[in-house]
Amino acid sequence: MANWAELPNNLIAQIAKRVKLMEDFIVFRAVCTSWRTAARKDNFDVLSPLLPLLMLGDTYDGYRQVYSLSKQKVSYFSRKLEGKGSSKKIQDVARPHSLQRERGTSNKRLPALKHIPVVALSGFVCTSALSPDSDSDEILSVEDRDKRNAIHILIIIRVKLDGDAFFRKGDGFFRESS
Amino acid sequence: MASSSSSSKTGLKKMLTLKSSDGDEFELEESIVIQCQTIKHMVEDGFSLIPLQNVDTKTLTKIIEYMKKHAEKTESNKEEIKNFNKEFVKGSFDDQFELVSAANYLHINGLMDLLCQSIADRINNKSVRAVREIFNISNDYTPDEEEKVRDEHKWAHEGGEFDESLD
């Protein structure tokens with residue numbers, strides 16, 4: 001019987017490198033110790049065209065909800081939010097990677113967003129992404145369809161496994177948080 | 001067959017013999033076999049009989065099938081190659097294990113790509129539990145370690161529907 005746990009490390013890494021979605025990569029690393037050792041975080045192809053996660057304005061039982069466009073499902077960040085809505089707390093949850101997107105700073109590590117398809121979320125109007133190279137600071141905008149409510153939605157651009165950058169409408173740049 | 005192969009420039013097709021771990025021998029044109037980096041280097045060193053101690057006959061037969069097909073690759077038969085690749089990865093999981101191990105050992109880049117991608121695709125949207133079952137891997141974490149691993153990126157393990165099927 002084939003023993004997939006005992007493949008050579010470099011071969012496991014080759015397979016891990018081809019796992020395109022971060023969620024799947026995390027699962028991959030949780031399967032067994034040899035897969036975890038072989039599939040190092042830097043095996044993850046941060047430049048593969050990932051769809052961003054949307055951090056939803058609503059919380060569920062105090063947990064921040066995040067909508068994965070790729071998987072079309074909602075998951076929850078485990079950390080509870082106290083004093084919801086404050087950008088300090090939101091940064092804590094999003095754990096943004098240090099990445100500024102003010103004009104003039106390098107944004108080379110951003111995944112290519114040009115080809116993000118427009119995804120219809122019920123209740124939201126999504127507009128398509130602009131190129132990260134464009135002058136506009138807006139990557140993807142999500143608005144309430146009836147435009148009554150304030151927009152609390154964050155666009156999280158996932159840059160590395162150990163941190164995410166996020167964009168919040170109105171901020172004009174990616175937040176940096178340590 | 002492959003009259004347009006590069007070796008035909010010299011007029012004579014150079015032949016090589018591959019020997020599987022079961023002792024079976026396969027004679028092939030050099031132009032086909034040099035897709036495999038490991039063998040290419042041996043050819044450059046002057047070998048013409050190549051013993052492959054890590055590759056059994058069953059696996060070698062499949063790999064030769066792959067190399068023959070891909071040696072025919074031209075601009076016009078891309079679709080055909082694509083379909084061939086699709087069929088090629090349909091074998092049993094045990095077979096794929098042997099194939100990917102051999103492709104890794106032999107350094108056949110295209111085949112590595114094909115197999116690793118096909119294996120990685122099996123993981124899409126699966127839960128950790130389902131992946132373990134599909135690959136027949138036993139969980140070797142201690143309960144404490146597993147808890148820690150899960151906690152590190154808890155959000156990725158919960159919420160929504162996971163595919164628990166073993167397809």
Side-chain angles (χ1 to χ4, degrees), chain A residues 1-37 39 41 43 45 48 53 55-56 60 63-68 70-79 93-95 156 158 161-162 164, chain B residues 54 59 91-105 107 109 111-142 145-163:
Chain A
M1 182 62 109
N3 190 342
W4 291 90
E6 286 177 13
L7 279 177
N9 268 7
N10 80 314
L11 190 40
I12 299 173
Q14 286 294 319
I15 296 169
K17 257 167 74 177
R18 289 167 174 82
V19 175
K20 290 284 176 265
L21 272 184
M22 193 169 303
E23 292 91 319
D24 293 329
F25 190 75
I26 290 167
V27 165
F28 190 101
R29 296 190 75 229
V31 169
C32 63
T33 53
S34 64
W35 281 25
R36 187 175 187 80
T37 312
K41 288 183 185 179
N43 285 139
D45 180 9
S48 71
L53 285 183
M55 182 174 283
L56 303 180
Y60 173 78
Y63 290 87
R64 182 61 65 177
Q65 290 178 294
V66 176
Y67 186 84
S68 160
S70 329
K71 296 197 180 254
Q72 303 196 5
K73 69 178 190 183
V74 174
S75 36
Y76 310 97
F77 271 101
S78 54
R79 199 176 302 181
V93 173
R95 284 182 296 116
I156 307 178
R158 318 177 77 218
L161 265 173
D162 57 354
D164 305 316
Chain B
N54 297 340
T59 308
S92 82
F93 235 33
D94 278 358
D95 289 348
Q96 285 206 30
F97 180 87
E98 295 301 329
L99 278 171
V100 79
S101 301
N104 187 41
Y105 162 69
H107 291 277
N109 296 337
L111 184 57
M112 271 292 279
D113 251 347
L114 176 65
L115 291 167
C116 289
Q117 189 61 63
S118 144
I119 294 161
D121 288 346
R122 293 290 297 268
I123 290 160
N124 287 354
N125 206 27
K126 300 282 184 196
S127 68
V128 174
R129 204 174 56 86
V131 174
R132 281 182 190 143
E133 265 188 62
I134 291 167
F135 290 88
N136 192 36
I137 292 174
S138 47
N139 176 13
D140 62 349
Y141 288 113
T142 65
E145 280 170 348
E146 179 155 44
E147 181 70 24
K148 224 174 121 193
V149 165
R150 234 187 109 82
D151 261 8
E152 191 187 1
H153 296 291
K154 209 169 178 180
W155 61 272
H157 298 294
E158 54 195 31
E161 290 293 305
F162 271 100
D163 184 356

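A, B, ... follow the sequence lines: proteins, then strands. Residue 1 opens every chain.
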- prompt: Does the side chain of B:Ile123 come within less than 4.5 Å of A:Phe25's, by heavy atoms?
  reply: no
query: So, for A:Arg36 and B:Tyr141, which heavy atoms are closest and what is the spacing to 0.1 Å?
result: CD-OH, 3.2 Å
- request: Would you check, one step at a time, whether the test side chain to side chain contact (heavy atoms under 4.5 Å, CB included) holds for B:Asp113 with A:Arg18?
  value: CA-CA 9 Å; B:Asp113 251 347; A:Arg18 289 167 174 82; 2.4 Å; yes
Taking every non-hydrogen atom, the tightest pair across B:Val128 and A:Val31: CG1-CA, 4.0 Å
- line: Of the listed A:Ala16, A:Ala30, A:Ala5, the one with the largest count of heavy-atom pairs under 4.5 Å with chain B is A:Ala30
query: By a 4.5 Å heavy-atom criterion (distance strictly below it), what part of B:Asn104 contacts chain A: side chain, backbone, both, or neither?
result: side chain
- prompt: Distance from A:Leu11 atom CG to B:Tyr105 atom OH, nearest 0.5 Å?
  reply: 14.5 Å
message: Below 4.5 Å, heavy-atom pairs only: which of A:Asn10, A:Ile15, A:Leu7 has the largest tally toward chain B?
response: A:Ile15
- request: Using the six-membered ring wherever Trp is involved, compare the ring planes of A:Trp4 and B:Phe135 and label them parallel, tilted or perpendicular (cut-offs 30° and 60°).
  value: perpendicular
message: With rounding to the nearest 0.5 angstrom, report the OG to CG distance, B:Ser138 to A:Asn3.
response: 7.5 Å
- prompt: So which heavy atom on B:Lys126 is nearest to which on A:Asp24, and how close?
  reply: N-OD1, 4.3 Å
statement: Correct closest heavy-atom pair for B:Ala120 and A:Val19 would be CB-CG2, 3.9 Å
field: Distance in Å, B:Ile119 CD1 paired with A:Gln14 CD, rounded so as to fall on 0.5 Å steps
entry: 11.0 Å
